[in-house]
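See structure below.
These figures come from a predicted structure and were not determined experimentally.
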Amino acid sequence: MRRTGAGVLGLVLAVAGCSVDDEPAPAPSSSSAPAFAPGAEGIGDPYFPKYGNGGYDVAGYDLKVRYDPRTDQLTGTATITATAKQDLSKFNLDLSKLAARNVTVDGVRASSSAAGTELTITPATGIVNGRAFTTVIEYGGEPSQFTNSVLGDGGWLENPDGAVALGQPESASTWFPVNDHPSDKATFKLEMTVPDGVEAISNGVPGPKRTTGGWTTWSWSESSPLASYLAMVVIGQYRVTTTTHDGKPMVLAVDESLPADGPAARSLAKTGEITDFLATKFGPYPFDANGGVAVADRSIGYALETQSRPVYGPAFFSGGPNESVVAHELAHQWFGDSVALEKWQDIWLNEGFATYAEWLWDEHQGVQTVEQSFDSVYNSYAWEQPGQAGNPGAPRIFGQAVYQRGGMTVYALRKTIGDAAFDQLLQRWTSEHKNGNASTDDLIAMAEDISGKQLDALFQSWLFTDGKPAKP
C-alpha cells in the first residue's frame, strides 16, 4: 500500500445409554469422543486481536454477488470451503453491515447469529478436527465502509457511478463473509452481476461475461491463495483493456472520467515493462494475471496492492505520470501478496521492499542510483519521530518508519551481506515462501543462512530502535 503524503477467531459430545439393568453406561474415552468447542472470535494478531477467527482454515471463497448502484443494495451467496483445525461446535466469520439470511454447512441448515462484525455459525453437528467442510451463506443489505480515524476508512465505498471495495488492514467483510486476516489465505472466485453498461473489475483471470434481462455478470478467478484485504471489486464506468503479457491476461481499467491518454493511463501502461524489470530482481512474477485499475474517487487517497491488479487513487497522477507508485504496488505482488504477513507487526516486510523497489526502478530509468535514493531519505528522515519499523504499533502501521526506515533497512541489509548474497536472498525468499506467509524472524534466519553472518545488531538498530543508525 502507498498513501499520498505518507511515503507513503463447549459442547462435549457424549454417548448416553443404559444397560439392561438401567445402570449408566461407562463414559466414552477422550479418544473416542471429540471435545467440541467454539472457534475463537479472533485469530490472535497482537495488533488486532479480533481480526479474523480461529478454529479453521479457509481454502477458497466462491462468491456470487449482485449489486444495484441505483438502490445501493447488494445480495450474495458465498460458498466457503475450509478445514477444521480443532473439534468445532461453532465458528465465526467476519461480516460487517450486511445480514446473513440462510446458512448451511455441508448442505444441512445451520443456525447463525450476528453481533457487531461477528457472524457466528452453529452447524447441526460438530465438525471434527481435520475435516473439510463447506459453508454456504446467503446474505445482503446495504454495504458501507469501516470508519477508522487512525488507519483510514476501508471497505465498500458507494459513488455516483457504482462502488469501490478496497482497504487495508480490513475491507473484505463489508461485502462478503470472510476470515479477515492475512494469515488465512484462500483462493478467490467472483461472479459480480451489475446493470448492463456498468463494468465490474476484480482480482485474477477474467472469465466469460453473461448478459440477460438488463444485467451483466462479470467473472474473475484468483487461483493463488489471497489474503482477504487484497480482494477488491471496482464497479462503474471504466475503459477496460484486456491483452496478454508474458502469456498472461493483462487487464487495465481507467475511470472514464480520466483522460484516455492522461497521466493515469500512461502510468498503468508501464505495468508490463515494470513487472518484467522487477522479475529480474525478485524472480518470476507470481500470479496468473496482471494489470491495474485507476479510480477517480478522490476519497481514495492511496494505492493498494490488490492481488494481481493494484488499484490507484487519483492523487498519484495529479502532477503527471507516476511510474514509482506502479513499481511500488507491483513489487507488493511478490512482497506482501505472494509472500504475505503472518501478523500485522511485520508490515515493514511489505512496505520496506516495495519502497526499495521504487529506488530500483529509479536507478533503472537513470533518475538516480539506489545509493543516492537511500542517502536522500537518510539525510531527510525525521529520526526523532516515534515508531520502529519492525514494531511500529497498531496506529502507525502506515507511518514513515514502516515505509522509509523499512526501505533503508533493506538497503542496509544489502550493503552488510553483499550484493551476491542479497540477490540470492531475494530469489530464495520469494520462491521458498511463495503463496504462503512469513515473518521478520524468517527473513533474518534466511539472511544469516545465506550470508554466514550474525545479523542481530543490524536488524536491532534498523528495525527495533528509535534512534538513528549508522550508515552501512
Side-chain angles (χ1 to χ4, degrees), residues 1-2 43 45 47 51-52 57-59 168-169 179-188 203-204 222-232 248 274-275 277-290 303-310 327-358 360 389-390 397 402-403 406-407 409-411 413-414 417 421-451 455 459 463:
M1 185 184 206
R2 188 168 166 198
I43 216 162
D45 188 284
Y47 282 8
Y51 280 17
D57 179 73
V58 178
Q168 185 186 21
N179 195 17
D180 208 355
H181 190 274
S183 62
D184 191 4
K185 301 172 71 174
T187 61
F188 179 81
N203 309 80
E222 176 53 78
S223 62
S224 297
L226 168 148
S228 52
Y229 77 95
L230 299 172
M232 66 88 177
K248 300 177 179 182
I274 296 173
T275 299
F277 167 72
L278 294 178
T280 68
K281 305 293 184 180
F282 304 153
Y285 177 75
F287 302 122
D288 292 333
N290 201 344
L304 185 60
E305 62 270 20
T306 43
Q307 189 158 307
S308 75
R309 196 154 295 117
H328 185 105
E329 304 308 330
L330 289 176
H332 276 310
Q333 304 308 303
W334 288 266
F335 297 92
D337 293 13
S338 179
V339 186
L341 301 172
E342 289 183 351
K343 57 186 185 300
W344 282 107
Q345 176 183 329
D346 289 332
I347 190 172
W348 84 273
L349 288 170
N350 296 10
E351 303 302 346
F353 280 93
T355 298
Y356 178 76
E358 294 184 50
L360 286 173
I397 62 171
V402 168
Y403 288 76
T409 302
V410 175
Y411 179 76
L413 175 60
R414 171 183 164 181
I417 67 176
F422 183 76
D423 291 345
Q424 184 182 351
L425 174 65
L426 293 179
Q427 299 276 333
R428 275 188 56 184
W429 181 259
T430 59
S431 174
E432 294 183 16
H433 293 293
K434 181 179 179 181
N435 293 332
N437 299 79
S439 68
T440 298
D441 287 344
D442 293 326
L443 182 76
I444 296 171
M446 184 177 286
E448 291 183 338
D449 177 63
I450 291 171
S451 69
L455 300 172
F459 285 101
L463 293 183

Margin query: Quick check: closest heavy atoms across Asp288 and Lys248, and the distance to 0.1 Å?
Written below: O-CB, 3.5 Å

Item checked: Interatomic spacing from OH in Tyr229 to CD in Gln307 - rounded to 0.5 Å -> 9.5 Å

Check: So which heavy atom on Ala447 is nearest to which on Leu425, and how close?
Finding: N-CD1, 3.9 Å

Note to self: Any heavy-atom pair between the side chains of Leu443 and Trp348 that's under 4.5 Å?
What the structure shows: yes

Next item on the list: Start with the C-alpha distance between Leu413 and Leu455, add both sets of side-chain angles, then the distance that settles side chain to side chain contact (heavy atoms under 4.5 Å, CB included), and finish with yes or no.
Entry: CA-CA 9 Å; Leu413 175 60; Leu455 300 172; 4.0 Å; yes

Check: Under 3.5 Å, is there a donor-acceptor pair between the side chain of Lys185 and the main chain of Asp337?
Finding: yes

Item checked: For the student: nearest non-hydrogen atoms of Arg428 and Ile450, plus distance -> NH1-CG1, 3.3 Å

Notebook entry, point to check: How far does CD of Glu342 sit from NE2 of His181, to the nearest 0.5 angstrom?
Noted result: 10.0 Å

Checklist line | ring-ring contact (aromatic ring centres under 6.0 Å, His included) partners of Phe282, counting only residues at least two apart | finding: Trp334, Phe335

Item checked: Separation of Thr275 OG1 from Tyr285 OH (nearest 0.5 Å) -> 6.0 Å

Next item on the list: Specify the closest pair of heavy atoms between Asn179 and Ser228, including all atoms of both residues, with the distance to one decimal.
Entry: O-OG, 3.8 Å

Next item on the list: Verify whether one side chain among Asp442 and His433 offers a donor that lies under 3.5 Å from an acceptor in the other.
Entry: no

Checklist line | Distance in Å, Glu448 CD paired with Phe459 CZ, rounded so as to fall on 0.5 Å steps | finding: 7.5 Å

Item checked: Nearest-0.5 Å distance, OG1 of residue Thr355 to CG of residue Leu360 -> 11.0 Å

Margin query: Suppose we screen for ring-ring contact (aromatic ring centres under 6.0 Å, His included). Which residues come up paired with Phe422, at least two apart in sequence or across chains?
Written below: Tyr356

Note to self: We want to know whether His332 and Glu351 form a side-chain donor-acceptor pair, criterion being a heavy-atom distance below 3.5 angstrom.
What the structure shows: yes

Next item on the list: Using atom types as modelled and distance alone, determine if a side-chain donor or acceptor of Asn437 lies under 3.5 Å from a backbone N or O of Leu341.
Entry: yes

Item checked: Closest non-hydrogen atom pair, Glu432 against Met446 -> OE1-CE, 3.5 Å

Notebook entry, point to check: Which atom pair, heavy atoms only, marks the closest approach of Ala289 to Ser308?
Noted result: O-CB, 3.4 Å

Check: Got Val339 and Leu349 here, is their nearest side-chain heavy-atom distance under 4.5 Å?
Finding: no

Next item on the list: Report the relative orientation of the aromatic rings in Tyr403 and His328; use parallel for angles under 30°, tilted for 30 to 60°, perpendicular for over 60°.
Entry: parallel

Note to self: Ignoring hydrogens and geometry beyond distance, is a side-chain donor-acceptor pair present between Asp346 and Thr440 at under 3.5 Å?
What the structure shows: yes

Item checked: Spacing of CG belonging to Asn203 relative to CE belonging to Met232, to within rounding of 0.5 Å -> 5.0 Å

Notebook entry, point to check: Do Glu305 side-chain atoms and Gln333 backbone N/O form a donor-acceptor pair below 3.5 Å?
Noted result: no

Checklist line | Thr187 and Ser224, any side-chain heavy atoms less than 4.5 Å apart | finding: no

